[in-house]
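Scope of the values below: all heavy atoms of this structure, side chains included, with no hydrogens, waters or symmetry mates. All residue numbers in this chain count up from 1 along the given sequence.
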Amino acid sequence: MPVRISAQPAFAWADFRITLAARLRAKGRGQTTQAGTDSESQGFAGRELLGEAVARLRNGRWLVVVVALAVLAGAIVIAGRIASGQAADNLRDTALAALPLAAGTLTGEIEKQRLVPLVLARDDAVRGALRRAGKMQEAALNDKLKAIAGDASASAIYVIDTAGIAISASNAGEPASFVGIDYNFRHYFQEAMANGAASQYGLGTISGRPGLYLASRVDDGGKPLGVTVLKVELDRVEANWRSSGFLVFVTDERGVVLATSQPDWRFHALAPLSPSDAAAAHDQLQLADAAFEPLPLRRGAGDGLATIDSAGKLRQFVEVVQDLPGAVPGWRLWLLTPADAALSSAANTARLTTLLGLLLTGLLAYVLTRRRRTRRLRQEALARMNAELESRVSTRTAELTRSNNALAGEIAERENAEAKVRRLRDDLAQANRLSILGQIAAGVAHEINQPVAAIRTYAENAGRFLDSGKTEPASGNLTSIVSMTERIGAITSTLRTFARRPGTAASPLPVREAIDGALSLLSGRIRDSGVTIVKPRGNVSPAVMASRIRLEQILVNLLQNALDAMKDQPDPRIEIELAERDDRVLISVRDNGPGLGPEAAGNLFMPFQTTKEKGLGLGLVISQEIAQELGGTLRLDPGSASAPGSASGASFTIDLRRIE
Ligand code: ADP
């Protein structure tokens with residue numbers, strides 16, 4: 001049966017790897033040799049095929065690498081876009097938060113100044129001066145206007161009469177005094193005269209500086225007397241915007257930049273103006289030579305990002321815009337915040353994170369794939385080894401089965417031989433028993449003769465007693481006859497039992513019973529020989545596990561030998577002793593005969609060693625055999641072997657295991 005070998009924990013992995021490496025090397029060598037042989041035999045065509053296969057493999061790998069790189073690049077680009085989009089949103093939030101502040105700065109400034117011309121239009125001094133328009137110097141009013149302009153931080157305040165000539169100004173007496181200047185052409189003058197109030201952004205005709213003109217008509221009981229004007233230059237507002245870090249500017253309804261934190265953008269347009277718009281702007285702003293060039297600002301398509309081209313360098317901004325209804329109609333406030341640093345930093349961080357994440361994922365995938373591959377290779381190698389081992393084991397198993405069968409044959413033969421030996425031994429034991437039987441038969445015959453003769457006498461006498469009517473003595477004779485027949489019966493039954501071939505069944509046997517049985521078998525011979533028998537002292541009778549006939553056979557053998565040895569010897573004596581030592585029972589048969597010489601003692605248990613004329617030399621051999629069969633031994637006691645004739649006697653001991 002094939003034996004399955006599984007991977008044992010004790011399996012040395014290092015050994016396995018070495019073996020595997022050696023195998024792979026061997027395999028590699030084999031392949032090389034094989035390839036070499038093939039290429040030699042198949043020539044150029046073989047090499048070409050091989051080259052094509054390698055190229056295909058490489059191509060396949062390159063394709064994988066290219067796809068992986070493309071995915072990596074795509075993921076990095078997308079991550080960058082998403083991150084910069086988020087950064088732009090954040091910037092937009094910041095810009096939207098800053099927008100009201102920037103608007104407030106401007107509208108606050110304008111609203112503060114707007115009241116001044118309105119109040120002045122109701123001022124009596126102004127009205128008085130206008131009524132006197134151009135007829136005298138208005139030094140007091142000039143001073144008053146100067147003081148108000150100073151308090152209101154206005155760049156100039158002046159009063160224009162209905163003809164458009166400035167009759168009084170906060171800067172009167174200064175080189176750039178407005179007094180006497182004709183402002184009839186100014187829109188703010190014309191509008192204020194027509195509508196009561198006006199505002200206009202433009203360059204000062206004298207100062208050339210930009211500013212917002214706020215004008216209010218001066219009425220005198222429904223009749224216009226002139227216009228009060230305040231020019232506010234928005235420098236502080238622009239400076240405030242600049243300091244906020246944002247790029248802030250205001251455009252009019254045509255997209256022309258007015259107030260701005262970037263002064264060189266002033267009077268540039270968000271987009272190129274159409275000729276009609278340009279003409280309208282010229283007219284509105286009253287700028288003779290303004291070209292309204294477009295700003296270096298490119299606005300994104302809906303992504304809220306604007307790009308500013310400053311000297312060829314493109315910078316990105318997030319742009320937010322709001323109307324300024326509170327300031328001047330049509331004005332819009334723009335706020336741009338630099339986005340380059342934030343966007344690129346966010347994009348770079350996202351790209352780097354994505355790159356690292358993907359690289360780590362790739363590395364992890366690579367390691368896992370490698371590990372899975374290594375595990376698969378190991379399992380394959382293990383499976384190969386298992387298969388090899390299994391095949392070896394099955395080969396070996398087949399060999400073992402063959403040799404087992406051969407062994408079984410030998411065992412059967414040996415058992416046959418042993419059975420034969422056993423049968424032979426049984427036959428020999430039977431022969432020995434019959435020989436003993438022959439010897440004791442004479443004694444038995446003698447033993448039986450006496451009671452038979454006595455029975456005859458008792459029977460004859462009983463007949464006579466009956467004839468003479470004496471029934472009582474006759475009955476006594478018959479009783480004696482019965483007891484004698486019982487004795488004969490006992491003798492013959494013992495003989496019969498002994499002669500029968502014994503079974504092997506053993507049972508618990510009190511040793512004294514066997515001793516008594518043996519003595520009873522030999523009782524006639526013992527009595528005739530005049531041997532004194534000394535039976536074991538005391539009445540303890542240990543038991544052994546034995547067949548009674550077997551044990552009796554040993555004892556009869558020993559007693560017969562003792563009787564034979566002491567024939568013709570004065571005062572013969574046999575002592576039977578019974579002793580217990582630990583779990584052993586020792587039965588000794590000792591005589592005071594001639595004993596055994598050293599040579600006889602050495603050959604004692606050899607078959608057919610006899611000194612007797614009619615002896616077989618089998619008694620002791622068979623007795624020893626029986627003792628061993630009963631799980632014990634039979635031995636000649638030390639001291640029994642001495643110089644012949646020294647009358648030391650012989651002693652044999654049967655050693656058996658005691659049972660409780
Ligand atoms: P056999 O009685 O047929 O000779 P045994 O095997 O019983 O065969 O005895 C072998 C020999 O051992 C005897 O012939 C005898 O010489 C010697 N022998 C046995 N018992 C005694 C004894 N008690 N005293 C002296 N010699 C003995």
Side-chain angles (χ1 to χ4, degrees), residues 88 91-114 155 199-204 208-214 231-273 277-278 280-282 284-287 289-300 303-311 313-340:
L91 286 174
R92 187 166 298 106
D93 290 344
T94 314
L96 283 171
L99 196 57
L101 198 68
T105 312
L106 176 65
T107 51
E109 182 72 13
I110 294 172
E111 291 311 315
K112 190 177 79 181
Q113 306 287 1
R114 195 188 293 280
S155 74
S199 60
Q200 181 188 359
Y201 190 87
L203 285 178
R209 291 167 57 82
L212 179 67
Y213 298 91
L214 302 167
K231 180 186 179 189
V232 56
E233 291 180 5
L234 298 170
D235 295 4
R236 275 200 310 279
V237 173
E238 290 174 346
N240 185 294
W241 287 345
R242 260 194 300 282
S243 69
S244 71
F246 298 106
L247 209 164
V248 187
F249 57 89
V250 170
T251 55
D252 65 9
E253 67 268 33
R254 290 182 195 83
V256 177
V257 177
L258 305 176
T260 169
S261 62
Q262 183 87 17
D264 54 337
W265 281 15
R266 203 183 314 277
F267 303 129
H268 282 57
L270 283 173
L273 297 184
D277 273 350
H282 271 125
Q284 167 76 36
L285 295 169
Q286 298 185 306
L287 294 170
D289 50 356
F292 303 118
E293 284 171 15
L295 286 174
L297 178 71
R298 261 181 288 145
R299 309 209 1 246
D303 60 356
L305 285 178
T307 309
I308 294 174
D309 184 353
S310 59
K313 198 175 159 208
L314 297 178
R315 291 161 62 209
Q316 280 192 306
F317 288 80
V318 167
E319 163 199 281
V320 289
V321 62
Q322 128 175 18
D323 289 336
L324 287 173
V328 183
W331 279 21
R332 301 188 85 199
L333 182 77
W334 300 78
L335 188 142
L336 275 66
T337 178
D340 280 324

Any side-chain heavy-atom pair of Leu297 and Leu336 under 4.5 Å | yes
In this structure, CG of Leu99 is separated from OG1 of Thr94 (nearest 0.5 Å) by 12.0 Å
Which pair of non-hydrogen atoms, one from Ala306 and one from Glu319, has the smallest distance, and what is that distance?
-> CB-OE1, 3.8 Å
Take Leu305 and Val318, measure what side-chain contact (heavy atoms from CB on, under 4.5 Å) needs, and give me the verdict at the end.
-> CA-CA 5 Å; Leu305 285 178; Val318 167; 3.5 Å; yes
Between Arg332 and Asp323, which heavy-atom pair has the shortest distance, and what is it?
-> NE-OD1, 2.9 Å
Quick one: does Trp241's side chain have a donor or acceptor within less than 3.5 Å of a partner on Ala102's backbone?
-> yes
Closest heavy-atom pair and its distance - Ala281, Val256 = CB-CG2, 4.4 Å
Are side-chain heavy atoms of Gln262 and His268 found at a separation under 4.5 Å?
-> no
Given side chains that start at C-beta, do those of Leu287 and Phe267 come closer than 4.5 Å, heavy atoms only?
-> yes
Would you say Val248 and Asn240 make side-chain contact, with heavy atoms under 4.5 Å?
-> no
Answer whether the closest heavy-atom distance between the side chains of Leu285 and Phe292 falls below 4.5 Å.
-> yes
Return the minimal non-hydrogen interatomic distance between Leu314 and Arg298, and the atom names on each side.
-> CD2-NH2, 3.3 Å
Answer yes or no: is there a side-chain heavy-atom contact under 4.5 Å between Arg266 and Pro210?
-> yes
Between CG of Asp252 and CH2 of Trp331, what distance do you get to the nearest 0.5 Å?
-> 8.5 Å
Considering non-hydrogen atoms only, spot the tightest contact between Leu258 and Glu238 and give its length.
-> O-OE2, 4.4 Å
Can a donor-acceptor pair be found between the side chains of Gln286 and Gln200 at a distance below 3.5 Å?
-> yes
When rounded to the nearest 0.5 angstrom, what is the spacing between CG in Leu234 and OG1 in Thr105?
-> 11.0 Å
On a heavy-atom basis, the closest approach of Thr260 and Arg242 is O-NH1, 4.3 Å
Derivation and outcome, side-chain contact (heavy atoms from CB on, under 4.5 Å), residues Ile110 and Leu324 = CA-CA 11 Å; Ile110 294 172; Leu324 287 173; over 6 Å; no
Does any non-hydrogen side-chain atom of Leu247 lie less than 4.5 Å from one of Trp265?
-> yes
Spacing of CG belonging to Leu214 relative to CD belonging to Glu111, to within rounding of 0.5 Å = 9.0 Å
What class does the angle between the rings of Phe249 and Trp334 fall in, given that below 30° is parallel, 30 to 60° is tilted and above 60° is perpendicular?
-> parallel
Apply ring-ring contact (aromatic ring centres under 6.0 Å, His included) to Phe246 and list each qualifying residue two or more places apart in sequence or on a separate chain.
-> none
Taking the side chain as C-beta and beyond, is there a heavy-atom pair between Ser199 and Gln113 under 4.5 Å?
-> no
About how many Å separate CZ of Arg92 and CG of Leu335, when rounded to the nearest 0.5 Å?
-> 12.0 Å
Could you state the interatomic distance from CG (Asp277) to CD (Gln284), rounded to the nearest 0.5 Å?
-> 11.5 Å
